[in-house]
There are 2 protein chains.
Amino acid sequence: MDSLAMPTLYREVMEQTPARLIEMPSWLLTQLAVHAHRLSAEAFAEAGARGYHYRILSSLDEFGVVSQAELGRHSNMDRSDVVAAVNELAEQGCLERTPDPDDRRRNLVSLTKTGEEQLRRLDRALDKAQESLLEPLAAEDRAALTRMLGQLLAHHQRTQRS
Amino acid sequence: MDSLAMPTLYREVMEQTPARLIEMPSWLLTQLAVHAHRLSAEAFAEAGARGYHYRILSSLDEFGVVSQAELGRHSNMDRSDVVAAVNELAEQGCLERTPDPDDRRRNLVSLTKTGEEQLRRLDRALDKAQESLLEPLAAEDRAALTRMLGQLLAHHQRTQRS
DNA sequence: CCTCTTTCGTTTGTCTTACTAACGTTGGTG
DNA sequence: CACCAACGTTAGTAAGACAAACGAAAGAGG
């Protein structure tokens with residue numbers, strides 16, 4: 001009956017949780033995301049940042065000088081949330097906001113030296129967070145997990161935009 | 001260079017996202033959790049409920065009459081959030097709250113007929129949400145994903161409590 | 001029996017993420 | 001020129017997670 005089931009350790013921890021939930025992928029996903037978020041938030045907090053800031057800094061680093069709207073599309077954020085995060089990053093001197101001469105609706109956002117340093121700091125801190133997140137998984141399992149998560153995420157981002 | 005890499009479809013959707021993020025398990029996880037949460041929230045909303053309500057109803061169904069504190073431990077919720085959710089469920093007639101005669105600090109919470117019906121409704125709606133969440137995955141991948149998520153979640157819940 | 005600590009239910013409030021609605025400005029199109 | 005779309009911005013909301021404090025009650029140790 002349970003020879004193929006979960007390891008002993010698993011049951012010990014999970015037996016106080018309803019079986020409905022334990023078997024539900026969306027629950028496993030959202031609950032594990034809480035831990036993932038906690039781990040990376042702790043990493044960000046040490047540098048006085050949060051998730052939105054990292055998304056914007058890494059987008060700027062990869063795509064160069066772009067408008068706030070593009071920034072939002074790259075990092076999966078709402079325009080209104082981009083405004084707030086860009087404000088905060090500008091106050092910290094991590095980026096600069098200049099009006100686009102070719103389109104006066106747009107603000108061109110560019111990464112500063114300070115922003116690059118902050119990004120590198122966050123990258124390092126995040127690496128450790130990834131390690132503790134995946135700690136109990138073997139290398140091949142980590143790869144398989146990453147592949148499947150990416151596959152699912154691509155599917156849902158595609159179907160949502162259409 | 002990319003023969004072993006992601007399928008074409010994947011890149012199409014993801015190419016506007018920083019490579020840093022695409023490769024980061026914690027990002028894939030939290031972003032996919034957004035979709036998982038959206039899908040199940042829509043299912044809940046049709047029945048006038050939300051996640052906290054389902055956690056409590058399913059805990060009551062599996063563990064019978066328990067105190068609010070136990071309810072919180074079963075469904076991974078803070079005591080203060082249990083109070084609010086139990087209030088709302090009581091207003092809807094889904095459960096009853098009676099003082100424990102053996103321990104006057106405790107409230108014993110029990111599921112009503114209405115609550116059981118609501119739970120069955122939510123179960124059905126959630127099943128569809130799971131299907132659309134995992135739609136692009138083959139059956140064996142779904143099983144592998146569920147196994148790994150459970151393994152990771154058990155690990156982090158264990159290490160957090162200690 | 002009397003402290004000391006713990007547990008319980010409750011209130012209040014904060015943080016992060018996500019998202020919606022509206023507004024004025026500007027660009028592009030028919 | 002009229003109309004619509006995009007942009008930046010402000011304001012507000014919802015859900016989930018969590019921290020701090022409170023009085024009331026139970027339990028433990030001396």
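If you're wondering where the values come from, they're calculated on a predicted model, not measured in any experiment. Quick note on labels: first sequence line is chain A, next is B, and so on, each numbered from 1.
- If you check C:dT10, C:dC8, D:dG16 against the side chain of B:Q68, the one that comes closest is C:dT10.
- Closest to the side chain of A:R79, out of D:dT9, C:dG9, D:dA17, is D:dT9.
- Ranking D:dG16, D:dT10, C:dG9 by closeness to the B:S67 side chain, first place goes to C:dG9.
- One N or O donor and one acceptor, one from the side chain of A:R105 and one from the base of D:dA6, sit under 3.5 Å apart.
- Evaluation of atom-type donor-acceptor distances gives no pair under 3.5 Å for the side chain of B:N107 against the base of C:dC8.
- Using a 4.0 Å cut-off between a side-chain N of Lys or Arg and a carboxylate O of Asp or Glu, B:D61 and B:R120 do not qualify as a salt bridge.
- Nucleic acid contact class of A:V82 (heavy atoms, under 4.0 Å, all strands): none.
- Taking 4.5 Å as the limit, every side-chain heavy atom of B:L21 sits out of range of all side-chain heavy atoms of A:E62.
- Distance check, rounded to the nearest 0.5 Å: CG of B:L134 to OG1 of B:T146 gives 6.5 Å.
- Side-chain N/O atoms of A:H37 include none lying less than 4.0 angstrom from OP1 or OP2 on D:dA17.
- Distance, B:D102 CG to D:dA25 P: 15 Å, rounded to whole Å.
- If you take CD1 of A:I56 and P of C:dT16, they are 14 Å apart, rounded to a whole angstrom.
- The listed nucleotides are C:dA18, D:dG16, C:dT11; the one nearest the side chain of B:N87 is C:dT11.
- If B:V83 and B:V34 are placed on DNA chain C by their nearest nucleotide, the residue sitting closer to the 5' end is B:V83.
- Position along DNA chain D of the nearest nucleotide to A:V86 versus A:Q31 favours A:V86 as the more 5'-ward residue.
- Protein atom CZ of B:R55 is 13 Å distant from nucleotide atom P of D:dA15, rounded to whole Å.
- Between B:R38 and the phosphate of D:dA14, there is no side-chain N or O to OP1/OP2 separation shorter than 4.0 Å.
- Residue B:E42 contributes atom CD, which lies 13 Å from atom C1' of C:dA18 at whole-angstrom precision.
- Looking at residues two or more places apart in sequence or on another chain, you find a ring-ring contact (aromatic ring centres under 6.0 Å, His included) between B:H35 and A:H156.
- For the pair A:D81 CG and C:dC15 P, the interatomic distance rounds to 16 Å; values are reported in whole Å.
- Within a 6.0 Å radius of CD in A:E88, more than 12 heavy atoms belonging to other residues, nucleotides or ligands are found.
- When the side-chain nitrogen and oxygen atoms of A:R106 are compared with OP1 and OP2 of D:dC7, one or more of them lie within a distance under 4.0 Å.
- Distance CG (A:D100) to C1' (D:dC7): 11 Å, rounded to an integer number of Å.
- Remark: B:R50 is not in phosphate contact with D:dA17, judged by side-chain N or O atoms under 4.0 Å from OP1 or OP2.
- The base of C:dC8 has none of its N or O atoms less than 3.5 Å from a complementary donor or acceptor on the side chain of B:D103.
- Comparing A:P101 and A:M77 by the nucleotide of DNA chain C whose heavy atom lies nearest to each, the residue mapping closer to the 5' end is A:M77.
- Taking atom CD of A:E88 as the reference point, atom C1' of C:dT16 lies 11 Å away to the nearest angstrom.
- Atom CD of A:Q118 and atom OH of A:Y54 lie 11.0 Å apart (nearest 0.5 Å).
- Nucleic acid contact class of A:E70 (heavy atoms, under 4.0 Å, all strands): none.
- Residue A:D78 contributes atom CG, which lies 8 Å from atom P of C:dT20 at whole-angstrom precision.
- Remark: the B:T30 side chain and the C:dT17 base include no donor-acceptor N/O pair separated by less than 3.5 Å.
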